[in-house]
Every structure is written in C-alpha cells, then in structure tokens.
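This report concerns only the one structure given below.
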Number of protein chains: 2
Amino acid sequence: MATINDVCKLAGVSKATVSRVINRTGQVKESTRKVVFDAMEQLNFKPNSLAQALASNSSNSIGLIVSTFHGNYFGALLKQAAMLAEQAGKQLLVTDGHNDPLLEIEAVDSLVARRCDVIVLYSRHMSEQDFIALKQRISIPIVMINRQLQDKSCYAVCFDQLHATQLAVNQLLDMNHKQIACITSPLDSPTGLLRLQGYQDCIAQHHIPTNPALIAEGGNTIESGYQACQKILLTGAPFSALFACNDNMAIGAMKALTEAGLKIPDDISVISIDNEAASAFLTPPLSTVELPIEAITDSAIKTALALADGQKVQAGTKEFRGKLIVRDSTAYLRKK
Amino acid sequence: MATINDVCKLAGVSKATVSRVINRTGQVKESTRKVVFDAMEQLNFKPNSLAQALASNSSNSIGLIVSTFHGNYFGALLKQAAMLAEQAGKQLLVTDGHNDPLLEIEAVDSLVARRCDVIVLYSRHMSEQDFIALKQRISIPIVMINRQLQDKSCYAVCFDQLHATQLAVNQLLDMNHKQIACITSPLDSPTGLLRLQGYQDCIAQHHIPTNPALIAEGGNTIESGYQACQKILLTGAPFSALFACNDNMAIGAMKALTEAGLKIPDDISVISIDNEAASAFLTPPLSTVELPIEAITDSAIKTALALADGQKVQAGTKEFRGKLIVRDSTAYLRKK
DNA sequence: CTGAAAGCGCTTACAG
DNA sequence: CTGAAAGCGCTTACAG
C-alpha cells in the first residue's frame, strides 16, 4: 500500500506539501497541487487514518455503544447515528455492549483505546455510580442515552418513561377499564422499574388496588410476552385490559390471548410502548406509545459532536416524551 | 491520558519492557512485570491502539459493511459478527453502505483508510464487475456476502435464492394452488431478480401461464407489501395464493387481504421468505422459508479471520440453503 | 532478562 | 509557496 513517501518521490516534493494537499491546509501552488494529486491518483494512495490520528492527536471519530445489535429499535438508532456522524465527517465506531454492565465497560475501554474523540453509551443496566466512576476514569467526554442521571454534570438524554407509561395506562383507564394486567420489561433495569412504577401509580391514582396476579415479568421479546400472558391467564384473575411494556411483548401476549379464545379488543384491550413498524399491521392494529428514537439519537449525537469539537455544552439530562397512538386493539369497556 | 513514557518513568524501565508486559511477549522477570503492571494501574494507562496498529503494521480489526442498519435481518447478522470478532480478539468496524453501490465503495475506502486486516461486504446492488475492480484496487482481502460470483478467485458466501423460492412456491403448488400472485423484492438487485425468476420457473414447470396482473414489485417493507397487494387486488385477477419475497411484505399483504374481506388461509394462502421473529406470532402464523443468517455470517467472518491471519483459504462462493417452515397461513386449495 | 535506537505514516510549527 | 525536522505512541530487531 502506497505511503506518503511514495507520493513524495513520484511528485518530487516534501511530505509537508503532500500533507497540505491531502488536508487542503495552507497554501499550495496550483501547479504543484496538481502534480501531487496526479501522483496520489497514480499510486492509488489513501492516507493511513491511523497515522493521521496519531500525528494530529485526533481520531476524528465518535464511539457508540448499543445495548445489543438486535431489533428494530437499535437499528433505527444506529441508522440515525451513522447518518449524523457522516454528515459531520466523523467516523462512527459502533460496539455491542451485550446488555451487560461489565461488558459495557469493556466496550468503553476498547473505544478509549482507539482514542475516540467522544463516546456515546446506550446503557440499560449500568448503575449511575458506575457510570460516574467510568466518566472520571476515562479522559474522553461521554454522553449517556436512556438514563435520567441525578448528577447534573453528566451529559445524558432519555425518555420520560413515567409519562410514556401514563399515556398508555391512562388510555385504558379512560376507557373505563379497572382490571388491568401488566407484562413488565426486565425488572433489573431502571427502565423496567420505571414503567412498572408508572403502571402502579396510575392504578393507585384511580383507587384501584394492585393485584399481583395480574403482573408478570417479561424479557422484552415476543416469546416472553407470550409466556408472561399465559402465566397471567393461568391465575384465573379476571382482567379486561393488558398493558405490555413494549410492542414485542404485546405481540406475544395477543397471540396467547387469541389462543385462549379471547377477542381483542372485544374481550381484552391491549396497549404497549414502542410503535414498532409491524404494530400498525397486526390484527387488530396495536395501540401503543411512540418513542422519539430519532430525536433522542439526534440530541445525543449532536451533543457528542459539539463536545468532540471542544465546544461548551450545557450539562444535565434532556428528557424526551412519547406520543400516544390509539389503534384498534383498545376499546371502551362494555357494560355487562 | 497516560502514555507508555509515563509508565516508563514511574516504573523505571524502558519502553521495550513496558511493551513486553503489555503484549505478554518475550521474557520479563516477574518482579519487574509487577512493577510495570502497578505503574500502569496507577496511571490508568490504556495502550493507544492507533499507535500499536501503526507500529505493528496490523490494526487487528475486521471491517464490515452492511446494506443498512435497519431491520432484524442485519441486526442478527451484526450480533453474530460482533460475537465472532470478539471471540477472535479482533475489533469489528461496522459501516453503513446505505443500500447504494457508490456509498458502499466509499464505505470500503473508509475501512481501507483505517487499515483493517480484512473487509467483509454485504452488498445487494454492486455489480460483479465493480466488485472485481474494487478488489483489485485495494490491497486488503475482501469477502462478499449475499452474492453468487462468477469469478472463482473471489471469496463469497450467499444463499441459494432459487432454492429458497422454490421451497415457498412449490409448497403452494403442492397444495394445488394454480393462481399464485407474487410480490417481488426490488428488481434492481440480483436477489430480487433471482426470487422473481424462481417464482416464474416453478410456475412454468407446472405449465401454468404467468399472469402479469398477479405480479407487483415491492420495496421489502411492510408498507410496500400492503400497497403491492392492494395493486394486485385492484386488477381483479383471481388468485388463491400469494408468494411475498420477504416476511415484511407478507405482513403488509396480509393486512391488505384482510381489509379486502379475504380470509387467510381459507380464501388466500400466503407464504414468504425470512422467518422474522414476529412471523410465528401473526394471525394466522406465517408460513415461510428460514434463511440461515447465523450460518452465513459465521462462514463469512471465519473466512475473513483466516484471511486476516494470512492463512490460505479456498476461494469461490459458498452457498447456503434455507428451510421451509409451514404454518397456518397456507392451506390446500378447496375444490369449488 | 533488559535497553537504545530505528521505524510505522502521518502532521505541524518553524524557517526561509 | 515549500522543505527540514521533530514528534505522535507504540513495536521490534539487535546487542548485551
């Protein structure tokens, strides 16, 4: 692979000059620019970005850690992030955090070793304490996605989980449902806990006692929603509506309900959170809460870009709100 | 950020020695190893992988270009690739090719600039000619996913598209369907063309004339499947079965059929290709062909790893076959 | 077992 | 407008 020295020889100029034409920096006479350019073409020369990064002390890249590569949710996030990074002329280095706080830290370290200009971390499980420690340890700015942080000196963006949950559950309550089942997200994560809490708060505000038989923990997958719903059905506890903490679990639950001979929404109303692409095309179409995944990604990446650029950025957590989308899986409770 | 020189000073040894303990290479007395190790700990030193790559002339990374970050399909591929790369102790550099041959070439060049040890390219649109030219131009080994290449000196893995299509369409034919509609993938890609051809071949083999009114081009999305199906319905041409070239389009089509008052599978059988996670949970569950996405990724990455390692690898295209999964969206044609 | 020195492929003051 | 030289943070023969 041709190096800058090969170009120098062929063009008969110094490395400094070649560097200037590569980077369009400083003054270069048009005629010598052309000579250098032709030499680069002829040798099929591509500057080694590792060497550039080392010499200029800037890798011109932003590191992104996602919880998992799986699913439409992170697909949308990655797509948006890649687009913004490209627009800004930055490399995007993407890493899989494997949904595990320890592996997330490893992922961050690998990004640190590659000297990213800034790191964006989407974490479901890392404790705030660990995050702060991490932030102190590395000397690269880091922005967190998906978490409401107490520490106001951190950069973070997240969804208003309680609000999203309220939108969903209140919709059921407004339709006169009293006996509302809930399939939760994994309860070892802050998001899972917040959504469960939101559900419980809404129920409590309407002076409805919580019924543990109507709550089952899921794993965010279709299959887990199916199983959790079967578990609730098995208790025999009556309910007229179901709130699933994400669309995938709602899809699984709808299957379990249908198999149990229940009609949606005639017998059971179903609502959830996410607005996956498939949700509008289910039978019946799923009522859900859309989360502004593009907007949150935008905010995180733009903050990161500004930080990488050395700009002063307002610290703290920015919160984004979801939007209720009512479709045909929810209906008013019929008087019996 | 601490450098190797800081560690040298603190530990009172030379760079060579520090390098040896970092890389566990050569002999180092246990006592000095410990001194160096402690110094690294104390300084929170992480070797700069850019400098390592430059000095050792190996970036220890494999570059991967996907057609798009969107969707479960590439999510599964990325997840698998990330796992294998990690196991092998390699960095995985992922880039978005934006489903466009020109941007794919740009993506490859950016990976070349980063001096990946090997590149894996998933391309839907790049012509074989362009690929060969690309391969010649860069001096890094490259393996192609998703394409059957004529040139036997290239490394490639792909699905047997004709076979997958036959599995689906023959299932319909075996169930006595004669009038079979088809929603194609985009016809500007080899995969789209192959699947259409497979459909046409099967029909022809059963001496059934092709009816252009029963064929509509889709865009691989749910929405496009919905629209394509409406278009077919509008022609008024009778059909008892529908083959959609992927699950997403089948989901959209099922919606359109249901809205038109048709029952699946009583009035219309539906089958497709992909076996998305949601497909088993639709009403009715979707018959489809599962493609071994993990296996193909495995093969591509392992080939890449061997190439990066300088091993001799058998060139040519490896082909993988899908598996028919019959569920309830298909039924025997009822005699009328 | 350890160190001095050259080198990886660039960038960037500094001088002219 | 251009070049010589130092330096980025490492690795790797080579010598001892």
Side-chain angles (χ1 to χ4, degrees), chain A residues 1-37 39-40 43-61 91 109-117 138-140, chain B residues 1-37 39-40 43-61 91 109-110 112-117 139-140:
Chain A
M1 192 153 286
T3 73
I4 199 172
N5 283 308
D6 301 320
V7 178
C8 291
K9 274 176 209 147
L10 187 59
V13 298
S14 72
K15 286 193 283 186
T17 297
V18 175
S19 179
R20 286 187 196 103
V21 352
I22 292 171
N23 300 298
R24 311 184 190 343
T25 128
Q27 309 279 29
V28 182
K29 211 200 305 174
E30 179 55 25
S31 60
T32 101
R33 199 194 73 84
K34 180 154 176 16
V35 172
V36 172
F37 205 81
M40 300 200 303
L43 293 169
N44 198 359
F45 167 79
K46 306 275 174 206
N48 181 329
S49 65
L50 302 170
Q52 290 183 307
L54 191 61
S56 67
N57 193 30
S58 150
S59 63
N60 202 33
S61 67
Q91 305 275 12
D109 279 331
S110 111
L111 257 18
V112 170
R114 288 194 257 169
R115 298 298 188 270
C116 293
D117 298 329
I138 68 179
S139 41
I140 294 178
Chain B
M1 192 153 287
T3 74
I4 199 173
N5 283 308
D6 302 319
V7 178
C8 291
K9 273 177 212 147
L10 187 58
V13 297
S14 73
K15 285 192 284 187
T17 297
V18 175
S19 179
R20 286 187 195 101
V21 352
I22 293 171
N23 299 299
R24 309 183 192 343
T25 132
Q27 309 279 30
V28 181
K29 210 200 305 176
E30 179 55 27
S31 61
T32 102
R33 201 194 71 84
K34 180 153 174 24
V35 173
V36 172
F37 207 82
M40 297 200 304
L43 293 168
N44 197 358
F45 167 79
K46 307 274 174 209
N48 182 330
S49 64
L50 302 171
Q52 290 182 307
L54 191 61
S56 67
N57 193 29
S58 151
S59 63
N60 202 34
S61 66
Q91 306 275 11
D109 279 331
S110 111
V112 170
R114 288 194 257 170
R115 298 297 187 270
C116 294
D117 299 330
S139 40
I140 295 179

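Lettering follows sequence order; numbering is per chain, from 1. The shown structure was predicted, so the numbers you read here are calculated from the model rather than taken from an experiment. These numbers come from the heavy atoms of this one structure, side chains and all, not from hydrogens, waters or symmetry mates.
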Practice problem: Apply side chain to side chain contact (heavy atoms under 4.5 Å, CB included) to the pair A:N60 and A:Q52, showing each step before the final yes or no. | Solution: CA-CA 9 Å; A:N60 202 33; A:Q52 290 183 307; over 6 Å; no
Exercise. Specify the closest pair of heavy atoms between A:A113 and B:P47, including all atoms of both residues, with the distance to one decimal.
Key: CB-O, 3.7 Å
Exercise. Determine, stepwise, if the pair B:L43 / B:L10 fulfils side chain to side chain contact (heavy atoms under 4.5 Å, CB included).
Key: CA-CA 9 Å; B:L43 293 168; B:L10 187 58; 3.8 Å; yes
Quiz item: Nearest-Å distance, CE (A:M1) to P (C:dC10)?
Solution: 10 Å
Self-check item: Length of the CG-P vector between A:L43 and C:dG9, whole Å
Solution: 14 Å
Quiz item: Which atom names give the shortest non-hydrogen contact between A:A11 and A:A39, and what distance separates them?
Solution: CB-CB, 4.0 Å
Practice problem: For the pair B:V7 and B:V36, evaluate side chain to side chain contact (heavy atoms under 4.5 Å, CB included) and give the outcome as yes or no after the intermediate values. | Solution: CA-CA 7 Å; B:V7 178; B:V36 172; 4.3 Å; yes
Quiz item: Taking only Watson-Crick and G-U wobble pairs with both distances under 3.5 Å, what dot-bracket line describes DNA chain D, where [ ] shows pairs that cross earlier ones and | shows pairs with another strand?
Solution: |||.||||||||.|||
Quiz item: Which one, C:dC1, D:dT2, D:dC10, comes nearest to the side chain of B:T3?
Solution: D:dC10
Quiz item: Looking only at heavy atoms, what is the nearest atom pair of A:A53 and A:S59, with distance?
Solution: CB-CA, 3.6 Å
Quiz item: If you look at every strand shown and take non-hydrogen atoms under 4.0 Å, does A:T25 touch a base, only sugar-phosphate, or nothing?
Solution: nothing
Quiz item: What parts of residues 5-23 of chain A reach DNA chain C, counting only heavy atoms under 4.0 Å away?
Solution: A:K15, A:A16, A:S19, A:R20, A:N23
Self-check item: Spacing between B:I4 atom CD1 and C:dG3 atom P, to the nearest angstrom
Solution: 12 Å
Exercise. Check step by step if side chain to side chain contact (heavy atoms under 4.5 Å, CB included) holds for B:M1 and B:N48.
Key: CA-CA 10 Å; B:M1 192 153 287; B:N48 182 330; over 6 Å; no
Quiz item: Starting at CZ of B:R115 and ending at C1' of D:dC10, how long is that distance when rounded to a whole Å?
Solution: 17 Å
Exercise. Quick one: list whatever passes salt bridge (Lys or Arg N to Asp or Glu O under 4.0 Å) with B:K29, sequence neighbours left out.
Key: none
Quiz prompt | Shortest non-hydrogen separation from B:S19 to B:I4 and the atoms involved | solution = N-CD1, 4.2 Å
Quiz item: Can you pull the salt bridge (charged side-chain N to carboxylate O under 4.0 Å, His left out) pairs that have at least one residue in residues 4-22 of chain B, sequence neighbours excluded?
Solution: none
Quiz item: Partners of B:R115 by salt bridge (Lys or Arg N to Asp or Glu O under 4.0 Å), sequence neighbours excluded?
Solution: none
Practice problem: Whole angstrom is fine here: how far is it from NZ in A:K34 over to P in D:dT2? | Solution: 15 Å
Quiz item: Does any residue of residues 47-57 of chain A have a heavy atom under 4.0 Å from DNA chain D, and if so, which ones, in number order?
Solution: A:L54, A:A55
